[in-house]
Amino acid sequence: MISTLVLVAAVGVGAETIPSKFIGKGATQRVGGYSPIRAEMNDDASAVKKAPEGLGAPKYGMVKLGDKSFGFILDEPEGKDARLFVDGNADGDFTNDGAAQWASRKMGNLTMYDGNCEVTLAADRRGTVNLYRFDPSDPQRAALKNTILYYADYGYELELDLDGKTFGTFVGGEPTARTSLWIDRDGNKIRSAKREMVAVGRPFNFTGTTYELKMGDNGLQLAKAENELPVTPLPPDLSVGKKAPPFKMTALDGKEIEFPKSYTGKLVMIDFWATWCGPCIAELPNVKKAYETWHDKGFEILGVSFDRQDMAEKVAAFTKEKGMPWAQIYEGKMWDTTLGEIYDVSGIPFVLLVDGDSGEIVATVRNLRGPGLSEFIGKALEKKNRDVQ
């Protein structure tokens, strides 16, 4: 379905409207996730002009998408299947819309509910909305007892012209003042949260000119920013076979590390982590097993802590307690850690396996997590030694 979402490019003299392609379903997969919105339910049926027959224990609420609102009824009679009705055309009549999907599934002793519906956004645009609900009897989620959560699964394909170069991007749901866009600057289809994301109201310079996205009366506007910014560096290419960015840093124990030169003759896994990172700590048994098995045969680890300020002693004590004898780099800068910036790290745990001789990346996180880590390191060392011979 082709539609026009008004994206005004207020660059230079005049402005131009950029056409967009409306995508009615599948936006969640396109943008790589979703941010749920809460819809509270109560007994207020004032928005209902005509209700479905046979309601047993209805609750009423509203789904809001941009400047559009769509009422819904969740009927949960005791001992019977729950049903969801959505006023997809927003006329108050809940009997003339397409059927909303609503199903339950057991999760231990609790029941989870989810489904979807279609809503009419304009004469030529019908979009899918996904909804879900936690078990209202769940004591851990008592605050959500009268809540349905939802998110738009539709969106818009856009094209931005930056200094004469066209970049395709995508907006999930309706554009708002909190909208962020991914600009795939290097065309590798890998999202960089630090160097490729554009947020409304935040100037950016990807091509030599500093632009800013703004919300206008007719939608998003792209304008030249008042103050110039330097061009944001491209994300580093951290794929297998590429060179890992070199650096010189001082470890927590005072040792100077020149990477990768300090690891000549070895394979080194650079491990970005933090004491507060649950998934990082959960990986420790696998990491320690690999280290204990292969350290004497040429395997090293270099930790990069994303812990906050004034935690040097705690990090040192933590690594000693957990049996992590390898070197640690700690700056107390959390997400602003120097190596986090150099390596464009936007989430931890983040790991790379690097050849200390060539500086080439041997493996990425895809192969460096889970119980198979030790076996993988063993094979990588075997290959390195074979290639040297």
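- Nearest heavy-atom pair, Ser305 versus Val315, reported as atom, atom and distance to 0.1 Å: OG-CG2, 4.0 Å.
- Between Thr319 and Trp326 the shortest side-chain heavy-atom distance does not fall below 4.5 Å.
- Taking each heavy atom of Val240 and Ala363 in turn, the nearest pair found is CG2-CA, 4.0 Å.
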Query raised in the report: What's the verdict on side-chain contact (heavy atoms from CB on, under 4.5 Å) for Leu284 and Lys322, showing C-alpha distance, side-chain angles and the deciding distance?
Result: CA-CA 8 Å; Leu284 265 181; Lys322 297 295 184 181; 4.1 Å; yes

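- Put simply, the side chain of Asp357 reaches to within 4.5 Å of the side chain of Lys384, judged on heavy atoms.
- Note that CG of Asp87 and CD1 of Ile73 are 8.5 Å apart. Values are rounded to the nearest 0.5 Å.
- The number of heavy atoms from other shown groups lying within 6.0 Å of NZ (Lys59) is above 12.
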Show me the donor-acceptor pairs, under 3.5 Å and distance only, between side chains in residues 76-84 and residues at least two apart or in other chains.
residue : atom : partner : partner atom : Å
Glu76   : OE1  : Arg133  : NH2          : 3.2
Glu76   : OE2  : Arg133  : NE           : 3.0
Arg83   : NH2  : Gly54   : O            : 3.2
Arg83   : NH2  : Asp75   : OD2          : 3.3

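- Note that CZ of Phe299 is 11.0 Å distant from CD of Glu292, once rounded to the nearest 0.5 Å.
- In the hydrophobic clustering of ILVMFWY residues, with side-chain heavy atoms under 4.5 Å counting as a link, Tyr113 and Leu110 come out apart.
- Taken from CZ in Arg30 to CD in Glu157, the straight-line distance is 4.5 Å, to the nearest 0.5 Å.
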Requested in this report: Would you please test Asn188 and Asp237 for side chain to side chain donor-acceptor pair (under 3.5 Å) and show each step?
Outcome: CA-CA 9 Å; Asn188 66 356; Asp237 187 347; 5.7 Å; no

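- Hydrophobic cluster membership differs between Tyr150 and Met112, with clusters built from Ile, Leu, Val, Met, Phe, Trp and Tyr side chains linked at under 4.5 angstrom.
- The aromatic rings of His295 and Tyr291 sit parallel to each other, their planes meeting at less than 30°, with 60° as the upper class boundary.
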Requested in this report: Quick one: do Thr210 and Glu228 satisfy side chain to side chain donor-acceptor pair (under 3.5 Å)? Show the steps, please.
Outcome: CA-CA 5 Å; Thr210 304; Glu228 285 290 325; 3.0 Å; yes

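- Between Asp355 and Leu267, the closest side-chain pair of non-hydrogen atoms falls below 4.5 Å.
- Nearest approach of Ala327 to Tyr263, heavy atoms of both residues: CB-OH, 4.5 Å.
- Here the side chain of Thr264 pairs a donor or acceptor atom with the backbone of Lys261 at under 3.5 angstrom.
- Residues passing the side chain to side chain contact (heavy atoms under 4.5 Å, CB included) test with Ala199 are Ser180, Arg202, sequence neighbours excluded.
- The backbone N or O of Met197 sits nowhere less than 3.5 Å from a side-chain atom of Arg191 that would complete a donor-acceptor pair.
- Closest non-hydrogen pair, Leu238 versus Tyr343, comes out as CD1-O, 3.5 Å.
- With rounding to the nearest 0.5 angstrom, the CZ atom of Arg308 is 9.5 Å from the OH atom of Tyr330.
- The backbone N or O of Phe206 sits less than 3.5 Å from a side-chain atom of Arg185, completing a donor-acceptor pair.
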Requested in this report: Tell me, with the steps shown, if Phe318 and Trp273 meet ring-ring contact (aromatic ring centres under 6.0 Å, His included).
Outcome: CA-CA 12 Å; Phe318 183 93; Trp273 72 289; 5.8 Å; yes

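- Crowding of Asp253 atom CG: a count of heavy atoms from other residues, nucleotides or ligands under 6.0 Å exceeding 12.
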Report task. For side-chain contact (heavy atoms from CB on, under 4.5 Å), just list the numbers for Thr169 and Val171, CA-CA rounded to whole Å, side-chain angles, deciding distance to a tenth of an Å, and then say yes or no. Result -> CA-CA 7 Å; Thr169 184; Val171 176; 5.8 Å; no

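- A distance of 7.5 Å separates CZ in Arg126 from CG in Asn89, rounded to the nearest 0.5 Å.
- Atom CE of Met107 has 12 or fewer neighbouring heavy atoms from other residues, nucleotides or ligands inside a 6.0 Å radius.
- Looking at Lys243, its side chain does come within 3.5 Å of a backbone N or O of Ser358 through a donor-acceptor pair.
- A pairwise comparison of heavy atoms in Leu131 and Val63 identifies CD2-CG2, 4.2 Å as the closest pair.
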Requested in this report: Go through the steps to decide whether Asn116 and Thr128 satisfy the test side chain to side chain donor-acceptor pair (under 3.5 Å), and finish with yes or no.
Outcome: CA-CA 7 Å; Asn116 61 75; Thr128 296; 5.8 Å; no

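- Annotation: side chain of Phe204 is in contact with side chain of Leu162 (closest heavy-atom distance under 4.5 Å).
- In this structure, Thr179 contributes its side chain and Thr176 its backbone to a donor-acceptor pair below 3.5 Å.
- Within the 4.5 Å cutoff, the side chain of Leu74 has heavy atoms near those of the Met41 side chain.
- With Ile301 as the fixed residue, the side-chain contact (heavy atoms from CB on, under 4.5 Å) test singles out one of Val351, Leu353, Val287: Val287.
- Between the side chain of Thr337 and the main chain of Gly340, no donor-acceptor pair closer than 3.5 Å is present.
- Using cut-offs of 30° and 60° for the angle between ring planes, the Tyr132 and Tyr34 rings count as perpendicular.
- Interatomic distance, CD1 of Ile37 versus CD1 of Ile148, reported as 13.0 Å (0.5 Å rounding).
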**Report entry** side-chain contact (heavy atoms from CB on, under 4.5 Å) between Glu196 and Asp184, worked out
**Finding:** CA-CA 6 Å; Glu196 294 185 326; Asp184 189 7; 3.7 Å; yes

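- At a threshold of 4.5 Å between non-hydrogen side-chain atoms, the residues Pro279 and Arg369 count as touching.
- Side-chain contact check for Phe247 versus Ile270: some heavy-atom pair is nearer than 4.5 Å.
- You'll find the side chain of Phe85 stays beyond 4.5 Å of the side chain of Thr95, heavy atoms only.
- For CD of Gln29, the number of neighbouring non-hydrogen atoms (other residues, nucleotides, ligands) closer than 6.0 Å is 12 at most.
- A donor-acceptor contact shorter than 3.5 Å links the side chain of Lys194 to the backbone of Val345.
- Under a 3.5 Å cut-off, the side chain of Asp97 and the backbone N or O of Gly88 do form a donor-acceptor pair.
- The two atoms that bring Glu331 and Leu339 nearest to each other are OE1-N, 4.3 Å, heavy atoms only.
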Requested in this report: Carefully, step by step, assess Asp153 and Thr28 under the rule side chain to side chain donor-acceptor pair (under 3.5 Å).
Outcome: CA-CA 5 Å; Asp153 195 40; Thr28 306; 2.6 Å; yes

Query raised in the report: Can you check side-chain contact (heavy atoms from CB on, under 4.5 Å) on Val365 and Phe350, steps first, answer last?
Result: CA-CA 6 Å; Val365 66; Phe350 180 83; 5.5 Å; no

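- Of the possible polar contacts, one joining the Glu283 side chain to the Gly370 backbone as a donor-acceptor pair under 3.5 Å is found.
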